[in-house]
Amino acid sequence: MKCSIISASLRVCESMQRSRAQKHVFLYCEPIVLTAYLRFLRYLRHDSKRIFIDLKVLGMGATIIVGGFFGDEGKGKIVAHVAFADKPAIIARGGIGPNAGHTIEVGRRKFGVRMIPSGFVYPDARLLIGAGVLVDPRVLLSEAGLLKVTERVGVDYRCAIIETKHIETDKLDPYLSQTIGSTGTGCGPAAADRAKRTTAQAREVAELSPFLTDAAAEVNKALEAGKNVILEGSQGFGISLFYGTFPYVTSKDTTASQIAADIGVGPTRITETIVVFKTFPTRVGAGPFDTQMSEDDAKKLNIEEFGTVTGRQRRIGWWDPTMAKYSAMVNGATQVAITGLDKLDPSVKGANQYDELSAKVKTFLREAETVVGVPFTLLSTGPELTEIVDLREEKLERA
Ligand code: GTP
Ligand code: IMP
Ligand code: MG
């Protein structure tokens, strides 16, 4: 509410420029009422001529959302919530490609998306796919049609294309399909061909021509105009090609810096980096999982999960504070979103207020936040979009 009053006030200011670092807006006019209001709220610094307002206060700038464990942390749900709350002009997807599967539940409807940004449920945002992403045109066209978002989708003309041969290799190569346990979506072989510079680009695929755009230019232009943008990651820290449990990893880095690069946004433009964790981390495919629990324990706790893309049973683990801390560090997290609080204590399912959470959940949050050292601002209490406690207003540092 406060933010929307300030944003509305800003819109009427005639002369508004942004600093090079994009962290503040300069107001060269003197809107007395606004000044008094903001000073009252202690959201500004000022000198004799200029007022500096922290862009975070206005909810402006680029927010990156990435996974902190082994993928499937519930990024789709968090992106959708942040989209409805922050009303971005653009939601742009970085990450590897259609190996990702995001689930979004709105009311009784459940969507699974692999290529279209999971923020699509928010109807007013342009939906972009960044140049770094591998595109499977069949998956993209089918999702865009089914979800009726064709008009809003833009694909960077430089995206590399996944072809049938990549999918066949991914499924038939015993190293990829069995030793690594890949998703069989062609991402690894296409990424290898991209590095060899033999893949096609989106601009060479006739079916994609209505969608082609310069996503980097669109996003930077929106940021320049003071609009809000969400940059959506996929997979998770533990399966990053650089930082994960090599060789049992995916075919690219998955950290926030990579997601920004995938979309063409420089580090100075990022205002928030939200790392998503789940109370019980999961892992699909092969590879070490330090805190993995037995299938029996997962059954007893009633927390079994199955993959969105492959349908494979996910291995379930206990909360891993060491990994969470390290992952938050490398991602440069400014906030943490945590999903599955209802798995820790079913009594909190659907809670929207911090006070509705149980002592068990509050203790978990307090301890986890102390170890990770980053504010836990988004607390998900169930898979449905509205099952969340959003503490950003209360917990983020102001001015
Ligand atoms: P990748 O990009 O593939 O890594 O996926 P993702 O991070 O978007 O997660 P995905 O949707 O694959 O898996 C998360 C699962 O947890 C989905 O089934 C969600 O519906 C579910 N989920 C999200 N938040 C919550 C929550 O707070 N509680 C419970 N019980 N489930 C949740
Ligand atoms: P690839 O990305 O299909 O090559 O698979 C490599 C490894 O990453 C395998 O262990 C997959 O299970 C895992 N992986 C890839 N995408 C996801 C995802 O979206 N969620 C969880 N694991 C994934
Ligand atoms: Mg997933």
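When a ligand or atom number is given, it counts from 1 through the structure's own listing order.
Heavy atoms from both the backbone and the side chain of Ser182 come within less than 4.0 Å of ligand 2. Residue-level proximity to ligand 2 for Arg283 is absent, since no heavy atom of it falls below 4.0 angstrom. Proximity of Val249 to ligand 2, defined as any heavy-atom pair under 4.0 Å, is confined to the backbone N, CA, C and O atoms. The parts of Asn99 lying near ligand 2 are both backbone and side chain, judged by heavy-atom distances below 4.0 Å. Contacts of His102 with ligand 1, taken as heavy-atom pairs under 4.0 Å, involve both backbone and side chain.
Using modelled atom types, one finds a donor on one side chain and an acceptor on the other under 3.5 Å when comparing Asp253 with Ser240. Using modelled atom types and a 3.5 Å distance limit, the side chains of Thr185 and Asn99 yield no donor-acceptor pair. Inspection of the Ser294 and Asp296 side chains reveals no N or O donor paired with an N or O acceptor under 3.5 Å. Using modelled atom types, one finds no donor on one side chain facing an acceptor on the other under 3.5 Å when comparing Arg114 with Thr183.
Within a 6.0 Å sphere centred on CD of Glu295, other residues, nucleotides and ligands contribute 12 heavy atoms or fewer.
Contact annotation: Gly382 has at least one heavy atom less than 4.0 Å from an atom of ligand 1.
In this structure, the side chains of Pro321 and Phe277 stay at 4.5 Å or more apart for every pair of heavy atoms. With contacts defined as side-chain heavy-atom distances shorter than 4.5 Å, the pair Val361/Asp342 does not qualify.
For Phe69 and Phe237, the distance between ring centers is not under 6.0 angstrom.
In the vicinity of Gln235, heavy-atom distances shorter than 4.0 Å reach the ligand 2 atoms 16 (N), 17 (C), 18 (C), 19 (O). Proximity to Gly285 (heavy-atom distance under 4.0 Å) selects the following atoms of ligand 2: 10 (O), 12 (O). Residue Ala100 has at least one heavy-atom neighbour below 4.0 Å for each of these atoms of ligand 2: 19 (O). Atoms of ligand 2 lying under 4.0 Å from at least one heavy atom of Arg312, given by number and element, are 11 (C), 12 (O). Near Gly181, meaning under 4.0 Å from any of its heavy atoms, are these atoms of ligand 2: 9 (C), 10 (O), 11 (C), 12 (O). Contact atoms of ligand 2 toward Ile180: 6 (C), 9 (C), 10 (O) (distance under 4.0 Å to a heavy atom of the residue). Within ligand 2, the atoms closer than 4.0 Å to a non-hydrogen atom of Phe70 are 21 (C), 22 (N), numbered from 1 in the order shown.
Any N or O atom pair closer than 3.5 Å counts here, and Ala100 shares no such pair with ligand 1. Residue-to-ligand polar distances keep Gly233 apart from ligand 1: every N/O pair is separated by 3.5 Å or more. Between Ser234 and ligand 1, not a single N/O pair is under 3.5 Å apart. Backbone and side-chain nitrogen or oxygen atoms of Thr339 are examined, and none is located within less than 3.5 angstrom of a nitrogen or oxygen of ligand 1. Polar contact check, Thr183 against ligand 2: a nitrogen or oxygen pair lies under 3.5 Å apart. No N or O atom of Glu305 sits closer than 3.5 Å to an N or O atom of ligand 1. For ligand 2, the polar-atom distance check against Val284 finds a nitrogen or oxygen pair separated by under 3.5 Å. Considering backbone and side-chain N/O atoms, Asp72 comes within less than 3.5 Å of an N/O atom of ligand 2.
Counting only heavy atoms of the protein, atom 14 (N) of ligand 2 lies nearest to Ile239 CD1, 3.5 Å. Counting protein heavy atoms only, atom 2 (O) of ligand 2 is closest to Thr250 OG1, 2.6 Å. Among all non-hydrogen protein atoms, the one lying nearest atom 27 (O) of ligand 1 is Ser380 OG, 2.6 Å.
Of the candidates Asp342, Thr103, Ile303, Leu341, it is Asp342 that places a heavy atom closest to atom 29 (C) of ligand 1. Counting only non-hydrogen atoms, the option in Gly101, Gly71, Pro346 that gets closest to atom 5 (O) of ligand 1 is Gly101. Checking Glu105, Arg314, Lys349, His81 against atom 15 (C) of ligand 1, the nearest heavy atom belongs to Arg314.
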Verify side chain to side chain contact (heavy atoms under 4.5 Å, CB included) between Tyr122 and Lys87, making sure each step is shown before the conclusion.
CA-CA 8 Å; Tyr122 171 66; Lys87 306 189 178 2; 3.2 Å; yes
Audit row: Glu218, Leu128, side chain to side chain contact (heavy atoms under 4.5 Å, CB included) steps and yes/no
CA-CA 9 Å; Glu218 277 200 52; Leu128 297 180; 3.8 Å; yes
Ring pair (Phe, Tyr, Trp, His ring centres under 6.0 Å) for Tyr326 and Tyr243? Distances and angles first, verdict last.
CA-CA 10 Å; Tyr326 193 81; Tyr243 301 103; 7.7 Å; no
Applying side chain to side chain contact (heavy atoms under 4.5 Å, CB included) to Gln335 and Glu272, what does each step give before you reach the verdict?
CA-CA 7 Å; Gln335 299 176 50; Glu272 292 290 345; 2.9 Å; yes
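A salt bridge is absent between Glu143 and Arg138: the closest approach of a Lys/Arg side-chain nitrogen to an acidic carboxylate oxygen does not fall below 4.0 angstrom. Ion pair Asp214/Arg158 flagged as a salt bridge, since at least one NZ, NE, NH1 or NH2 atom sits closer than 4.0 Å to an Asp/Glu carboxylate oxygen.
For the Mg ion (ligand 3), protein N/O/S neighbours under 2.8 Å (waters excluded) are Asp72 OD1, Gly101 O.
Counting all heavy atoms, side chain and backbone alike, Ser118 lies closest to Ile104 at CB-CD1, 3.4 Å. Residue Arg283 comes nearest to Ile239 through the heavy atom pair NH2-CG2, 3.8 Å, listed as atom of the first residue, atom of the second, then distance.
Under the 4.0 angstrom criterion, atom 7 (O) of ligand 1 counts as having a protein heavy-atom contact.
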